[in-house]
Amino acid sequence: RPASRCQNDHRDRFPEGPSNTTNCALLCDRHHPLKTDGYVSITDGHANGSMTWHTAWGQQVHTEPRPYLDTPNPPGTAATDHDDAGPPDAPDQTDDESEGPLPF
């Protein structure tokens with residue numbers, strides 16, 4: 001979901017946990033209450049946006065960071081026809097029901 005439709009979450013509760021990119025993440029209105037109510041926890045978070053989730057049901061899910069901007073061609077390289085198409089595996093973010101890669 002776009003950041004404008006997410007809620008800010010502190011992995012370690014504020015004010016004990018710092019407000020920085022390692023401790024904070026934007027979570028959708030489905031996953032944020034699950035974490036707040038103790039059904040899931042985040043055991044590690046990194047400044048690049050990756051994190052590992054643990055559920056009360058014994059699942060462990062590692063999520064990788066998602067790109068927010070297109071990466072332009074490095075200086076001195078030629079553009080190709082497929083460069084304007086965006087990443088080949090980019091999810092369609094227009095679907096309001098899209099919940100991302102988490103299985104819970």
Side-chain angles (χ1 to χ4, degrees):
R1 296 189 184 225
S4 62
R5 296 186 56 215
C6 291
Q7 302 167 351
N8 190 32
D9 176 72
H10 287 77
R11 180 174 50 113
D12 297 324
R13 288 185 183 264
F14 181 82
E16 293 83 16
S19 292
N20 62 26
T21 56
T22 305
N23 191 49
C24 293
L26 294 174
L27 302 179
C28 72
D29 58 1
R30 178 177 176 214
H31 292 111
H32 192 217
L34 288 173
K35 183 188 167 292
T36 301
D37 294 341
Y39 294 105
V40 298
S41 62
I42 300 171
T43 56
D44 65 0
H46 302 279
N48 68 2
S50 65
M51 60 185 74
T52 302
W53 296 72
H54 293 272
T55 70
W57 307 277
Q59 296 169 301
Q60 179 175 320
V61 178
H62 181 77
T63 58
E64 293 294 327
R66 294 184 183 173
Y68 291 99
L69 302 172
D70 291 333
T71 304
N73 294 321
T77 62
T80 60
D81 291 339
H82 66 279
D83 285 339
D84 294 333
D89 297 326
D92 180 8
Q93 296 297 322
T94 59
D95 182 4
D96 287 344
E97 299 303 315
S98 174
E99 295 299 333
L102 298 177
F104 46 87

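The distance from the SG atom of Cys24 to the CG atom of Asp12 is 9.5 Å, given to the nearest 0.5 Å. We find the CG-NE2 distance between Asp37 and His32 to be 9.5 Å, quoted to the nearest 0.5 Å.
In the model, Thr43 has a side-chain atom that pairs as donor or acceptor with a side-chain atom of His54 under 3.5 Å. Between the side chains of His62 and Gln60, no donor-acceptor pair is found at a separation under 3.5 Å.
Within the 4.5 Å cutoff, the side chain of Leu27 has no heavy atoms near those of the Cys6 side chain. Residues Thr63 and Met51 are in side-chain contact: their nearest non-hydrogen atoms beyond the backbone lie under 4.5 Å apart. Put simply, the side chain of Lys35 reaches to within 4.5 Å of the side chain of Ile42, judged on heavy atoms. Annotation: side chain of Ser19 is in contact with side chain of His10 (closest heavy-atom distance under 4.5 Å).
The closest donor-acceptor contact from the side chain of Asn8 to the backbone of Leu26 lies at 3.5 Å or more, if one exists at all.
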